[in-house]
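Note sheet for the following structure.
Computed from a predicted structure; not experimentally measured.
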Amino acid sequence: MKHQSVHYEQYLSLEQILDAQKLKSVEYGKPAHEEMLFIITHQVYELWFKQIIHELESIHTMFNNDEVDEESIGVAVGRLDRIISIFNLLIEQIKVMETMTPLDFLDFRSYLFPASGFQSFQFRKMEILLGLKMKERHSYQNTPYFNEFIESKKAELQTLENNRSLLELVSSWLERTPFLQIMEYDFIDQYEKAVVAAHQKERKEIIEASILSDAEKEHRLKALINSEQYFDRLFIKSSYEEMILSGEVKLSYRATLAALFINVYRDEPILQLPFQFLSKLTEIDELFTTWRYRHAQMVMRMLGRKIGTGGSSGYEYLAKTADKHRIYTDLHNVSTFLIPRTYIPALSDKLKQKLSFYFTAH
């Protein structure tokens with residue numbers, strides 16, 4: 001097929017894009033200079049949301065199988081890294097918006113009712129793809145979030161709700177990790193022994209520390225007991241599953257053990273990419289939360305305690321979503337179960353070969 005020449009302006013549809021800023025203040029005969037910035041900033045957000053969704057959907061496709069091609073892990077890491085760069089950009093973009101003062105915003109804010117960020121379909125789609133489902137959301141006016149949308153978009157969001165999110169796909173992938181119990185090595189049994197040894201040494205050091213007062217020793221020993229009790233949840237499967245039932249954790253027991261195994265032995269060649277993959281997911285979760293906090297702070301700066309244009313409590317609602325709408329908390333919490341490298345159980349030569357590249361192992 002013969003290719004036709006393409007012009008820069010046509011290829012990028014610049015005429016449509018650059019003509020898409022329709023200022024309400026101009027429409028009402030009271031032009032507000034800052035409204036152009038407000039519109040462009042939000043349009044740019046939506047374009048970046050589209051790119052994030054594009055990347056997430058491709059990763060969904062890679063992991064939505066009983067077997068994940070090893071080459072896909074490297075590709076997924078690269079695409080998650082791109083999402084991280086975009087989120088950093090989105091956070092920095094708030095600074096551009098904050099060059100507009102509260103009085104500048106009031107020049108045109110009254111023309112925006114009842115438009116609201118709640119009506120961003122792509123933002124909701126992005127949240128669901130990552131793993132934020134209805135039951136984990138902070139309720140807005142006690143109504144389902146998808147009520148803001150027309151029936152076709154509402155149906156698409158409900159379909160996404162019913163499908164497996166990236167969090168659920170990652171959990172299934174982790175459950176298939178083959179190294180938790182292989183050959184003579186039982187990871188959880190060996191790791192429990194290592195944790196007990198680490199805690200015994202820590203207890204001994206606290207008791208024998210001459211620089212600590214009796215009160216300080218008592219305080220530290222209580223903290224150590226709390227830590228031991230938290231570890232018990234990891235070593236007693238029924239205790240962990242109680243946390244799942246209560247909604248305290250989302251990852252399955254085996255998926256959590258696999259994530260821990262990958263973190264503990266991340267320097268083994270085969271585990272380096274899986275470790276990066278999990279790290280990128282936690283970084284995206286962290287940046288998403290950071291963006292929510294920065295957005296809430298910007299709203300406080302612009303509006304104070306005024307209600308949002310969509311009828312929400314404004315800053316208060318946004319601050320609560322930043323605190324509640326974390327998605328990959330379980331991957332962050334794996335750090336709770338880590339112990340110093342000196343206590344990590346050594347792997348047998350045979351298992352280390354399994355975790356090495358073929359060329360290196362031979």
Side-chain angles (χ1 to χ4, degrees), residues 20-50 52 86-128 130 132 134-149 153 157 284-327 329:
Q21 294 75 44
K22 310 296 185 184
L23 279 63
K24 282 292 180 181
S25 58
V26 171
E27 184 181 325
Y28 287 104
K30 295 182 179 180
H33 179 82
E34 301 299 311
E35 190 180 0
M36 179 69 78
L37 172 67
F38 186 84
I39 292 174
I40 288 177
T41 300
H42 286 82
Q43 287 177 337
V44 171
Y45 269 127
E46 290 294 333
L47 285 172
W48 283 126
F49 291 163
K50 184 172 184 176
I52 290 173
I86 294 172
F87 263 113
N88 278 311
L89 192 61
L90 298 183
I91 293 168
E92 285 297 308
Q93 190 170 290
I94 292 175
K95 293 181 181 178
V96 181
M97 181 72 87
E98 288 177 335
T99 61
M100 178 173 59
T101 70
L103 275 178
D104 292 333
F105 186 35
L106 290 176
D107 285 342
F108 63 91
R109 182 175 184 257
S110 61
Y111 305 137
L112 306 182
F113 295 103
S116 166
F118 295 125
Q119 297 159 354
S120 171
F121 172 75
Q122 289 197 123
F123 188 80
R124 298 306 184 199
K125 185 174 180 178
M126 183 172 64
E127 288 180 319
I128 302 170
L130 281 168
L132 182 64
M134 175 80 80
K135 61 183 179 181
E136 286 118 21
R137 288 181 180 275
H138 175 62
S139 177
Y140 165 56
Q141 294 185 345
N142 295 317
T143 57
Y145 70 91
F146 47 70
N147 280 0
E148 298 284 343
F149 305 102
K153 290 187 174 181
L157 292 176
I284 287 171
D285 197 35
E286 180 183 332
L287 288 170
F288 206 163
T289 301
T290 301
W291 182 87
R292 291 184 194 275
Y293 275 120
R294 282 291 286 116
H295 183 231
Q297 291 299 316
M298 180 187 69
V299 168
M300 170 64 86
R301 176 175 175 172
M302 290 289 183
L303 299 178
R305 296 291 176 178
K306 292 186 180 74
I307 65 169
T309 50
S312 76
S313 58
Y315 166 78
E316 290 182 5
Y317 171 82
L318 294 172
K320 286 178 180 176
T321 60
D323 190 51
K324 186 173 181 180
H325 290 182
R326 298 173 186 268
I327 301 170
T329 306

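Between Lys95 and Glu92 there is a salt bridge, with a side-chain nitrogen of the basic residue lying less than 4.0 Å from a carboxylate oxygen of the acidic one.
In this structure, the side chain of Asp285 does not engage the main chain of Arg326 through any donor-acceptor pair within 3.5 Å. In this structure a side-chain-to-backbone donor-acceptor pair under 3.5 Å is present from Tyr45 to Leu90. At distances below 3.5 Å, at least one donor-acceptor pair connects side-chain atoms of Gln119 with backbone N or O atoms of Pro114.
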| Full working for salt bridge (Lys or Arg N to Asp or Glu O under 4.0 Å) between Glu127 and Arg137 | CA-CA 10 Å; Glu127 288 180 319; Arg137 288 181 180 275; 2.8 Å; yes

| message | The test is side chain to side chain contact (heavy atoms under 4.5 Å, CB included); show your working for Met134 and Phe146 and say whether it passes. | response | CA-CA 10 Å; Met134 175 80 80; Phe146 47 70; 3.0 Å; yes

| task | Determine, stepwise, if the pair Glu35 / Lys30 fulfils salt bridge (Lys or Arg N to Asp or Glu O under 4.0 Å). | result | CA-CA 11 Å; Glu35 190 180 0; Lys30 295 182 179 180; over 6 Å; no

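Under the 6.0 Å cut-off for aromatic ring centres, Phe118 and Tyr145 do not qualify, their centroids lying 6.0 Å or more apart.
Using a 4.5 Å cut-off on side-chain heavy atoms (C-beta onward), Thr290 and Phe87 make no contact. Side-chain contact between Tyr293 and Asp323 is present, with at least one heavy-atom pair separated by less than 4.5 Å. Side chains of Glu34 and Asp107 form no contact here, defined as non-hydrogen atoms less than 4.5 Å apart.
Counting non-hydrogen atoms of neighbouring residues, nucleotides and ligands closer than 6.0 angstrom, the CH2 atom of Trp291 exceeds 12 such neighbours.
Nearest heavy-atom pair across Met100 and Leu37 is CB-CD2, 4.2 Å. Shown here for Glu98 and Met302, the closest heavy-atom pair between the two residues is CA-CE, 4.1 Å. For Ala32 against Ser25, the heavy-atom pair with the smallest separation is N-OG, 2.9 Å. Minimum interatomic distance between Thr289 and Ala322 (heavy atoms only, all atoms of both residues): CG2-O, 3.5 Å.
Expressed to the nearest 0.5 Å, how far CZ of Arg109 lies from CG of Asp104 amounts to 14.5 Å. In this structure, CE on Met126 lies 13.0 Å from CH2 on Trp48, to the nearest 0.5 angstrom. Leu112 CG to Ile39 CD1: the interatomic distance, rounded to the nearest 0.5 Å, is 8.5 Å. Phe108 contributes atom CZ, which lies 11.0 Å from atom NE2 of His33 (distance to the nearest 0.5 angstrom). Distance CD1/Ile94 to CZ/Arg294: 5.0 Å, rounded to 0.5 Å. A distance of 11.0 Å separates CD1 in Ile86 from CG in Leu47, rounded to the nearest 0.5 Å.
The aromatic rings of Tyr317 and His138 are tilted relative to each other, their planes meeting at an angle between 30° and 60°. Taking the six-membered ring where tryptophan is involved, the planes of Tyr111 and Tyr28 are essentially parallel, since the angle between them stays under 30° and well short of 60°.
For the side-chain contact (heavy atoms from CB on, under 4.5 Å) with Phe288, the qualifying choice from Ile91, Ile52, Leu130, Leu132 is Leu130, the only one to do so.
For His42, the ring-ring contact (aromatic ring centres under 6.0 Å, His included) test picks out Phe38, with sequence neighbours left out. With sequence neighbours excluded, the residues forming a side chain to side chain donor-acceptor pair (under 3.5 Å) with Gln21 are Gln43, listed by chain and number.
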